[in-house]
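Below, chain A is the first sequence line, B the second, and so on; all start at residue 1.
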There are 4 protein chains.
Amino acid sequence: MDAALHCFVDRGFHGTAIPQIAARAGIAAGTIYHYFDSKEALVNALFRHWKTLVARRVFTAFPQTAPTREQFRVMWNEIVDFALEHPQAFAFLELHNHTSYLDAESIAVDRELKTFASAMVQRAQDERLLKPMDPALLMELVFGAFTGMMRAHWEGRIDLGPEVIAAAEQACWDTVAAHG
Amino acid sequence: MDAALHCFVDRGFHGTAIPQIAARAGIAAGTIYHYFDSKEALVNALFRHWKTLVARRVFTAFPQTAPTREQFRVMWNEIVDFALEHPQAFAFLELHNHTSYLDAESIAVDRELKTFASAMVQRAQDERLLKPMDPALLMELVFGAFTGMMRAHWEGRIDLGPEVIAAAEQACWDTVAAHG
Amino acid sequence: MDAALHCFVDRGFHGTAIPQIAARAGIAAGTIYHYFDSKEALVNALFRHWKTLVARRVFTAFPQTAPTREQFRVMWNEIVDFALEHPQAFAFLELHNHTSYLDAESIAVDRELKTFASAMVQRAQDERLLKPMDPALLMELVFGAFTGMMRAHWEGRIDLGPEVIAAAEQACWDTVAAHG
Amino acid sequence: MDAALHCFVDRGFHGTAIPQIAARAGIAAGTIYHYFDSKEALVNALFRHWKTLVARRVFTAFPQTAPTREQFRVMWNEIVDFALEHPQAFAFLELHNHTSYLDAESIAVDRELKTFASAMVQRAQDERLLKPMDPALLMELVFGAFTGMMRAHWEGRIDLGPEVIAAAEQACWDTVAAHG
DNA sequence: AATGAATGAGGCTTCATTCAT
DNA sequence: GATGAATGAAGCCTCATTCAT
């Protein structure tokens with residue numbers, strides 16, 4: 001049923017009709033209501049499913065003992081890989097505004113991931129490797145840059161090859177790295 | 001009538017009903033159709049209105065003869081000022097996915113601005129001041145970082161004071177600046 | 001729009017579809033929602049409208065100074081006239097079970113009428129003209145008998161002429177009259 | 001499965017969903033269709049089941065040779081007992097309007113009981129013990145009064161003790177008794 | 001016999017749009 | 001120009017019923 005993902009990516013939550021999702025999934029509209037209480041429950045389940053997957057992936061891959069520069073690279077590549085493997089999921093998660101239908105639990109899942117990332121940043125700041133700014137801001141700058149890159153890629157404005165990704169990664173490291 | 005802006009920001013295009021817009025504007029629903037052919041015409045007009053305003057502002061403020069570093073700072077501050085003065089407009093333009101209803105002209109207006117920005121980047125690259133990457137990518141990284149910062153600001157995750165903005169500006173300059 | 005009355009009488013509240021009501025009224029289904037917030041609001045409005053009309057009629061006709069026997073006759077005839085003039089309304093009010101959709105205000109309107117009737121009974125009891133039973137019970141017996149008569153009339157089991165009505169009235173007076 | 005009774009009493013036939021009945025019965029919705037062809041078949045079976053039970057009870061208890069006054073008392077008490085023992089069944093049978101879904105056989109069962117009662121009345125009229133009115137009307141008046149009493153009881157407007165029931169019985173006898 | 005997932009028609013309601021005033 | 005009642009298509013959701021297990 002997660003092909004509802006495609007519809008939400010294409011037309012957004014409010015722009016997608018349940019019958020459209022059902023048609024794409026090859027099932028009857030009513031069947032969706034055996035698995036989800038409502039359209040809202042469906043988006044929220046979708047959102048949490050993928051956010052949790054990203055989180056799990058990031059947590060798992062994170063090299064606790066490696067040097068900060070290496071940690072940054074690993075995280076970057078991990079998220080890039082996720083976004084390239086699951087472009088629809090990434091587009092759904094990051095390219096749409098969910099404020100009007102996410103429930104408290106979904107928001108909490110989202111915040112958790114951001115809190116973790118900020119904590120990571122803070123640890124690196126303690127070692128004076130990153131700029132001494134609000135860690136949340138540093139994280140948002142990098143994640144924003146990353147999202148901008150992926151959006152431009154999907155909208156055909158740039159080509160993403162391994163070297164391009166590596167160059168962008170270096171640029172984003174420069175964003176946060178101390179000394180300048 | 002441009003308080004349709006608020007509705008679109010809150011619930012998105014598909015999630016907003018014409019009667020809601022009319023109610024917020026204190027007019028009758030039918031009146032909207034004296035000024036716009038359809039709901040789609042309304043969003044497109046809105047989109048172009050504000051995109052054009054941003055563009056005009058950026059073009060006007062751009063210091064042709066100043067050094068690149070100064071040009072970057074001016075542009076940055078110009079967009080920050082716009083976003084802080086017109087938070088609803090900025091949220092509408094950048095925090096929502098418009099792909100399902102923008103018409104060709106609106107898309108052209110958007111592309112124009114991006115093309116201009118890329119051209120600026122390229123000129124600076126010719127002077128070896130910026131990293132030798134796809135200029136579009138550099139531009140997207142910076143604009144993405146900026147958008148991430150503003151989103152975090154509106155969602156209450158960070159505080160934006162003048163020094164914070166300046167620090168973020170420096171960080172984004174580091175993103176694009178050559179040598180590192 | 002009060003021809004929704006007919007539909008509710010025929011198939012009950014839950015058995016009646018809004019489009020059916022609209023079709024019978026010769027309007028579009030959506031139009032109903034300009035005047036009523038929901039199907040429930042519609043039944044409640046209908047219920048209150050007719051209950052209030054009955055109440056007004058009873059209150060107005062009630063001969064305060066006449067002897068009790070005369071008062072009883074007047075009330076009886078008043079309600080008979082109402083039921084014969086507005087058979088649909090009476091059938092809707094008394095032949096259907098409204099418990100699952102009436103709101104607090106509608107219930108209050110209903111209770112008010114019953115309380116008034118019980119008070120009347122009590123006054124007559126004080127004069128020892130009626131049986132010394134729970135006034136509410138006496139009232140329910142008479143009103144129940146009346147309703148049974150009307151139901152049988154509509155379902156074709158009895159014929160209602162003026163003499164029949166008068167005879168039934170006398171029988172119901174005997175129900176409540178003291179001494180027997 | 002006859003706990004469908006509860007659902008029908010609460011929300012009426014059209015307001016009750018088969019899954020609701022199944023849930024209350026603790027079985028699967030599909031199981032109901034092993035025993036009844038359709039929802040309509042279910043109500044009709046329910047209706048006939050209880051109507052038949054009432055009829056059997058009345059027929060059985062009826063004291064053929066007792067004086068009319070005693071016959072009336074026995075019948076009254078028999079139906080009161082039934083209504084108090086099976087309040088849900090009585091509420092289902094008498095407090096709801098079944099016209100839109102009862103089939104011919106169910107209607108016949110209903111009519112049979114009424115015809116029997118009318119015949120009884122007529123026999124008593126032949127002895128000049130009852131008022132010389134349409135026997136069907138006399139029967140409806142008494143049964144209507146009785147139903148009104150039970151409804152008021154369930155809706156909490158009156159208290160039903162043995163003496164109250166006896167007093168109501170006497171009042172209803174006065175309704176039908178000759179001379180007044 | 002029992003289950004419960006699946007269906008799809010149909011119900012309530014919303015909403016973009018029109019049009020008489 | 002402005003209104004807002006009216007429309008009817010379409011959206012979300014329910015539900016009687018079926019059927020493979």
Report the distance from atom [atom1] of [X] to atom [atom2] of [N], rounded to the nearest whole Å.
X: Tyr33(B); N: dA5(F); atom1: OH; atom2: P; value: 17 Å
X: Ile32(A); N: dA5(E); atom1: CD1; atom2: P; value: 15 Å
X: Leu42(A); N: dG11(F); atom1: CG; atom2: C1'; value: 15 Å
X: Arg11(D); N: dC15(F); atom1: CZ; atom2: P; value: 8 Å
X: Ile18(A); N: dC13(F); atom1: CD1; atom2: P; value: 6 Å
X: His34(D); N: dT17(F); atom1: NE2; atom2: P; value: 15 Å
X: His14(B); N: dT14(E); atom1: NE2; atom2: C1'; value: 16 Å
X: Phe36(C); N: dA5(F); atom1: CZ; atom2: P; value: 13 Å

Can you tell me which nucleotide in [options] comes closest to the side chain of [X]?
X: Lys39(B); options: dC13(F), dA16(E), dT13(E); value: dA16(E)
X: Tyr35(C); options: dG11(E), dA6(F), dC13(F); value: dA6(F)
X: Ala28(C); options: dA5(E), dT7(F), dC13(F); value: dT7(F)
X: Gln20(B); options: dC13(F), dC15(E), dA16(F); value: dC15(E)
X: Pro19(D); options: dC13(F), dC15(F), dT17(E); value: dC15(F)
X: Thr31(B); options: dA2(F), dT14(E), dT17(F); value: dA2(F)

| request: Indicate the atoms forming the closest heavy-atom contact of Trp50(B) with Leu5(B), along with that distance. | output: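 Here Trp50(B) and Leu5(B) meet closest at NE1-CD2, 3.9 Å.
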| message | For Ala91(D) versus Val9(D), what's the shortest heavy-atom pair and its separation? | response |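 Closest pair (atom of Ala91(D), atom of Val9(D), distance): CB-CG1, 4.0 Å.
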| task | Find which nucleotide of DNA chain E each of Asp37(C) and Ala29(A) is nearest to by heavy atoms, and output the residue with the more 5' nucleotide. | result |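 That would be Ala29(A).
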| message | Please compare Gly26(A) and Thr16(B) by the position of their nearest nucleotide in DNA chain E and report the one closer to 5'. | response |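 Per heavy-atom nearest nucleotide, the more 5' residue is Gly26(A).
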| field | Stepwise side-chain hydrogen bond (donor to acceptor under 3.5 Å, both in side chains) test for Ser106(C) and Arg48(C) | value | CA-CA 6 Å; Ser106(C) 297; Arg48(C) 289 205 282 269; 2.9 Å; yes
| Earlier contact from the 5' end, DNA chain F, for Gly30(B) and Phe13(A) |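 Per heavy-atom nearest nucleotide, the more 5' residue is Gly30(B).
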| task | Return the orientation label for the His98(B) and His96(B) ring planes: parallel under 30°, perpendicular over 60°, tilted otherwise. | result |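 Ring orientation of His98(B) relative to His96(B): tilted.
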| Parallel, tilted or perpendicular: which describes the rings of His14(B) and Tyr101(B), with under 30° parallel and over 60° perpendicular? |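 Judged by the thresholds at 30° and 60°, the geometry between His14(B) and Tyr101(B) is perpendicular.
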[N] pairs with, by Watson-Crick or G-U criteria that keep both distances under 3.5 Å:
N: dC15(F); result: dG8(E)
N: dA1(E); result: none
N: dT21(E); result: dA2(F)

